Structures are given as C-alpha cells and as structure tokens.
J.: 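Below is one structure. I have some questions about it.
Since the model is a prediction, treat every value here as computed from it, not as a measurement. Worth knowing before you read on, the calculation uses all heavy atoms, side chains too, and leaves out hydrogens, waters and symmetry mates. Ligands are counted one by one from 1 in listed order, and the atoms in each one are counted from 1 as well.
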Amino acid sequence: MNLLDRHYTAPDNVPAHVASPSYQPEEHGIGIVHFGPGAFHRAHQAYYTDKVLSEFGGDWRILAVSLRSTKTVDDLNAQDGRYSLLIKSNDGQNHLNVIGSIAGSEAAVRSTENLFETLASPNTHVLSLTVTEKAYGIDRLSGKVDLNHSDIAHDLVNPDKPIGVIGMIVKGLSLRMKSGLSPFTVLCCDNLPNNGDLVRSGVLDFANQTDEKLAEWISSLGCFPNTMVDRITPAATQDLYDNVADILGVADNLAIETEPFTQWVIEDKFCGPRPCWEKVGALIVDDVAPYEHMKLRMLNGAHSLIAYLGHLHDCKYVRDAMANADISQLVKRHFGAAANTLSPLEGVDFSQYADELTQRFENRNIAHETYQIAMDGTQKLPQRIFAPAVDALNENQALDSFALATAAWMQYCYIGINGHSVKNIAAYPLRDPRETEIADALNGVAQNAEEIQKRLNGLSDFVPVELLNSDEWQRLVALNLRHLLADELALIAEHARS
Ligand code: CS2
C-alpha cells in the first residue's frame, strides 16, 4: 500500500486513532444539515465541503443526521466526525484524506431536539439529502406525497413529530417561517430525475395538507436546486478497514473507499449563502437536466444492467462483470443506446464519456458489488431504463438494450424469489421496497418468460404504459428473458455484436 498523499497530519490534541485535517475544524461553525450520512455522502458532498473549508474557510461544517440507524452516528461522534476517505486509482495509487467537515451527528430516532434547533438556526443555510430513492415517499408521476408510504402517513397526522424526510423538511421550514427567517435551501443529492423539483413538489403537497400558509411561503421563497452527483462508492468492507488501519496505524470504523473521479452539477438556485463548491470542482449551471440524463441513463442504466447480469453470472463485483467479454460487450451497446436518447450537451462528447465510464467500471481496485447495485430495482429502473426506452420507442430507435436490462431485472426477481434448480442458485433477498408485491406476483410461478413478464408488468405504476402497449417492447423483453433463463448470455452478446 502506497500512501502517496496524506493531506493532513495529526496534531497532538486529537484522539490518537484519527488524524486531523489541516484546518482547525472546531473553528468553523455549522452551516449545513445533511440527512443520510452514508458512504456516498462521506465520499462526495462532505469531501467537497472539506475542500472548501480547507482552502477558503467559512462556517460550513455539517450536522450529519441519520433518520433510522444509530451506528454511523455513534461512530462519527466517537471520532469527532473525522473519517478516512481512501481514493483508489486503477493503477494502484491510493490517496488517503482525513475529512473534517462533519461537525457531529444525530440519530433522529433518539432525539430531534438538536436537529430542529439547528434547522431553525439563522446560521444554517442548506439542508442536503442522500437518503436513497425510496425514502421520500413521493409519487413520481403526480409529484404528490404517497399516502401509502408509512413515513408520510405518520407525518401527515403528526406534523410536529415527524419521522420521515418530507415531514422533517416541512417542520424545519415551518420553524423558520415562524421566526421570520428565510428558508434554507433544500439540496437533494439522490439519483432521482429532476430531484430538486420532485422534492419541492412533495414538500408543497405535504405542506398544503398540514398548513396552507406555510405552503404559500415555501412556494414563493423556497429553493430546491436540481443536482447531478457522481462518484462510485462501494459499501465498506473489512479489507478496506484493514487497509486504512495499515496506513494510519489506527482503526477507523468510518473509513470508505472511492474512485478518483467525482462530479457534482448543481442548479444555480439558492435562497441564501452556500459554500463556494464551484471553486473546488463543482459545476454551477442554469439547467442540470442534460447532465442528469446523461448520468442516469449512461452510468446508472449500465450499472443496473451490469448488476442484474453480473449477479447471476458469478460476477461479484462490477470489475468482474467488465472482465466478462459478453457482459462488457453488452455494456458498450448500452452506452450507445442510452447516448442516442440524449440531447447534445455542449462540451461533452458522449462516446468519450462512455470510454471514461468503461475505465471507471474496470477499476481493479474498487470492490463494487453487483448485489449492492441490484438493490431497489423498482426505484431505479424507471429513470435509468424505462425513461430512455420510451424516448427510444418514440424516436424509432433500437430497444434491445433496454429490453435486456428489464429482462435481466425480471430474471433477478424470479430467481431471488424461487431460486434456480438448474443453475443451482438458492433464493436470495431482492432488497427492494416492493419485495412483498414481487414475491406475491412470482411465488411458485413456472419458469416461463412470458408468464414472468406478465406478472411483473402487473406491478402498479411501474412499467410505463407506452412500453406496456408496445408489441415490440413486449416481444424483446420476452425474447431476452427466454435466453437468460436458458443460460444463453453468449447468444445475446453474439446478436449484439452482429
Ligand atoms: C449505483 C450508484 O448503487 C447504484 O445504484 O448505480 O450508486 C452509482 O454508483 C452512483 O450513482 C455513481 O455516482
């Protein structure tokens, strides 16, 4: 292990097990509350903010709030918010940064007192979020809150004691309205289409149902910029912890690894001050949509294809799937199909972007599990696979790759529920919020492509009606699923080559 660039050295006065940043974190106040202090936040937004603090200073430290779990919170507080970010390149060069931008952490299940005090503070200007697609409880089509989402149902009845994301945002904004402050900017950093607009719409619908005056105030003064975030960040492993302990000479329970590449595109729409993220690499633009489409459709779409094909073809990690000639062929085809659905983006060459993605996915030093990406398929497929498929359908472009990704997801669901006697795979948890519905649809169903397709097409508000009504789409999904179930990936790849 080479430690090429240890940006920070440990002064004498910090706990022995953690090195400290070059600036004095405690001299910087909190300006940001963040929901969801998982690996991605720690590799991305907290990293950018750390750079701002280090180069430009300011009161921009982060209160990191976990809505459900307590472990990360306790670990963060035990390490004074510090943690190691190990940046791993394909060539084996590793850079370790100790990040100091997180000031402290709170578990909302234990207490929300400090959280709401901080949200109501005049010093807090941004509430950022990485809580995963499923946590919001907003219906993507109507933009209204989903009354069947347990957090939403709870919070609409108890708006003063919210447990969910939208309820907490609304309560935080309500406290600010009451004390005559301006709203904080709500900065959604989850991989959702028009993420800021979507959260705004859910927040307004929720507020309309609980406090109309507040809804008006948010509608006229609130800011919800759209963002595109990108950095491949696998879940931490024991290997990583051992690795970091070797480098630092001390254990770090919060260490995470990530790739050198990072991108953050943010819509220029803030209602108050913000850190100068653009001076440390973020792009502040008027319209995020073209970047977001490119990333969701090319990177995340290909990721989902890799996840489902890889998981069932003995590829534990993305890098293993990329080393499989058939899968990597199909991934390249997917990049092309997804790129065809995009509007031109000035200064960006999609085929160069595809080459960069290939290199990133091939990074030998990043252990990104296909099973991790396979999680939450019902929340991911709509924006990653179905939206470009509908565009391709409308433009008379090839649907094959989107149909393959859908068939691969269907196979993943089928085998997850029923196992596969021929391939000798036992059933496994799908790890999807709609797992019960999927199990009800597929339990005991014969291994027949058309039947499986019919059952999964029946999930409400999932496959778009344009695709359900397209004979060509139905034919291609069934065809691909038939091949996959017969273990004929090579045949699909051969067809893609021709
Ligand atoms: C991945 C993303 O887990 C997944 O669904 O596709 O987390 C992906 O790694 C990030 O969006 C990369 O920026």
Side-chain angles (χ1 to χ4, degrees), residues 36-48 85 87-88 128-136 188-195 226-237 256-266 281-283 288 291-311 315-322 327 331 334-335 338 353-354 356-363 365-388 402 405-406 408-409 412 429-434:
F40 186 73
H41 170 65
R42 305 205 306 275
H44 194 272
Q45 303 95 47
Y47 162 84
Y48 281 87
L85 179 64
I87 302 176
K88 300 174 91 178
S128 55
L129 306 119
T130 49
V131 289
T132 80
E133 298 90 336
K134 61 179 176 277
Y136 292 91
C188 174
C189 298
D190 279 295
N191 282 323
L192 283 159
N194 305 318
N195 53 10
N226 291 303
T227 68
M228 182 270 250
V229 291
D230 189 9
R231 192 167 218 184
I232 291 173
T233 309
T237 59
I256 36 165
E257 67 182 20
T258 191
E259 59 174 345
F261 182 94
T262 180
Q263 199 172 21
W264 195 5
V265 186
I266 310 171
L283 209 56
V288 172
Y291 296 93
E292 176 213 283
H293 284 164
M294 174 182 79
K295 195 257 172 175
L296 283 177
R297 295 177 178 199
M298 291 183 71
L299 187 157
N300 295 113
H303 245 179
S304 290
L305 176 69
I306 292 171
Y308 300 118
L309 290 181
H311 185 65
C315 302
K316 182 164 185 200
Y317 300 114
V318 172
R319 64 188 184 209
D320 304 333
M322 294 304 283
I327 298 182
V331 169
H334 196 84
F335 288 147
Y353 183 66
E356 281 163 15
L357 291 179
T358 304
Q359 283 169 23
R360 292 170 64 194
F361 290 177
E362 285 174 350
N363 189 332
N365 295 306
I366 294 283
H368 200 189
E369 282 201 29
T370 49
Y371 190 40
Q372 181 189 336
I373 302 169
M375 182 166 31
D376 293 345
T378 58
Q379 311 298 298
K380 294 175 177 174
L381 258 53
Q383 61 274 21
R384 297 178 179 202
I385 304 296
F386 299 153
F402 307 113
T406 305
W409 171 77
Y412 169 84
L430 298 183
R431 308 201 295 183
D432 191 293
R434 300 185 74 176

J.: How far is atom 9 (O) of ligand 1 from its nearest protein heavy atom, and which residue and atom is that?
T.: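 It is H303 CE1, 3.3 Å.
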J.: Between R434 and T378, is there a side-chain donor-acceptor contact under 3.5 Å, judged purely by atom types and distance?
T.: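 Side-chain D/A pair, T378 to R434: absent.
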J.: Using 30° and 60° as the class boundaries, would you call the ring planes of H311 and Y371 parallel, tilted or perpendicular?
T.: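 Because their plane-to-plane angle is under 30°, the rings of H311 and Y371 count as parallel.
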J.: At a 4.0 Å threshold, what atoms of ligand 1 neighbour a non-hydrogen atom of D230?
T.: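 In order of number, 12 (C), 13 (O).
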J.: Work out whether the distance between some heavy atom of R384 and some atom of ligand 1 is less than 4.0 Å.
T.: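 R384 counts as a contact of ligand 1 under the 4.0 Å cut-off.
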J.: Identify the two heavy atoms, one from A307 and one from A374, that lie closest to each other, and give their separation to 0.1 Å.
T.: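 The pair with the smallest heavy-atom distance is CB-N, 3.7 Å.
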J.: Pull out every atom of ligand 1 sitting under 4.0 Å from any heavy atom of N191, numbered as shown with elements.
T.: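 Atoms satisfying the 4.0 Å criterion: 11 (O).
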J.: Do R42 side-chain atoms and P37 backbone N/O form a donor-acceptor pair below 3.5 Å?
T.: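 Confirmed, R42 side chain pairs with P37 backbone.
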J.: K380 heavy atoms, cut-off 4.0 Å: which ligand 1 atoms fall inside?
T.: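 The atoms of ligand 1 under 4.0 Å from a heavy atom of K380 are 3 (O), 4 (C), 5 (O).
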J.: In terms of ring plane angle, is the pair Y48 and H44 parallel, tilted or perpendicular, where the classes change at 30° and 60°?
T.: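 Y48 vs H44 ring planes: tilted.
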J.: Return the residue, atom name and 0.1 Å-rounded distance of the protein heavy atom closest to atom 2 (C) of ligand 1.
T.: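 The protein heavy atom lying closest is N300 ND2, 3.6 Å.
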J.: Side chains of Y317 and E369: does their closest heavy-atom pair fall under 4.5 Å?
T.: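 Yes, close enough: below the 4.5 Å cut-off.
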J.: Please state whether H368 comes within less than 4.0 angstrom of ligand 1, counting heavy atoms only.
T.: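 Yes.
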J.: What distance separates E133 CD from R384 CZ, expressed to the nearest 0.5 Å?
T.: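 It is 6.0 Å, given to the nearest 0.5 Å.
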J.: I'd like to check which ligand 1 atoms, numbered from 1 as shown, lie under 4.0 Å from a non-hydrogen atom of K295.
T.: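 The atoms of ligand 1 under 4.0 Å from a heavy atom of K295 are 10 (C), 11 (O), 12 (C), 13 (O).
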J.: Where's the contact between R231 and ligand 1, heavy-atom distance under 4.0 Å: side chain, backbone, both or neither?
T.: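 Looking at R231 and ligand 1, just backbone atoms fall under 4.0 Å.
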